[in-house]
Amino acid sequence: MNVIVDTRLCSGHARCAASAPEVFELDDNGYALPLEQDVPPDRLDQAREGAFACPERAITVD
Ligand code: F3S
């Protein structure tokens, strides 16, 4: 499963990292770092929770 953070949509709500700190990281200003990676199966639920938590829908899990 691929997880992608669209930094153009990120507004720094930080809910992704709060929900899934092992998947998402924030920069010094609280914006999600660019991410496009394969997530191991044991972190997939976390990745989905983080994506669901983002009010900007900046995270895609496919
Ligand atoms: Fe950005 Fe959404 Fe996370 S706005 S910091 S990707 S919760």
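As the structure lists them, so they are numbered: ligands from 1, and atoms in each ligand from 1.
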Inset, instruction - To the nearest 0.5 angstrom, please state how far the OG atom of Ser11 sits from the CD atom of Glu56. - result: 3.5 Å
Inset, instruction - Output, by chain and residue number, all protein N/O/S atoms separated from atom 1 (Fe) of ligand 1 by less than 2.8 Å. - result: Cys10 SG
Inset, instruction - Examine Leu33 and Ile59 and state if one hydrophobic cluster contains both, with Ile, Leu, Val, Met, Phe, Trp and Tyr joined whenever side-chain heavy atoms are less than 4.5 Å apart. - result: no
Inset, instruction - Decide whether a cation-pi geometry holds between Arg57 and Phe52; the criteria are a distance under 6.0 Å from NZ or CZ to the six-membered ring centre and an angle within 45° of the ring axis. - result: yes
Legend entry - Sidechain-backbone polar pair: Asn29 side chain, Tyr31 backbone, donor-acceptor under 3.5 Å: no
Inset, instruction - Return the minimal non-hydrogen interatomic distance between Cys16 and Ala32, and the atom names on each side. - result: SG-CB, 4.3 Å
Inset, instruction - Please check if the side chain of Arg48 supplies one atom and the backbone of Val61 the other of a donor-acceptor pair under 3.5 Å. - result: no
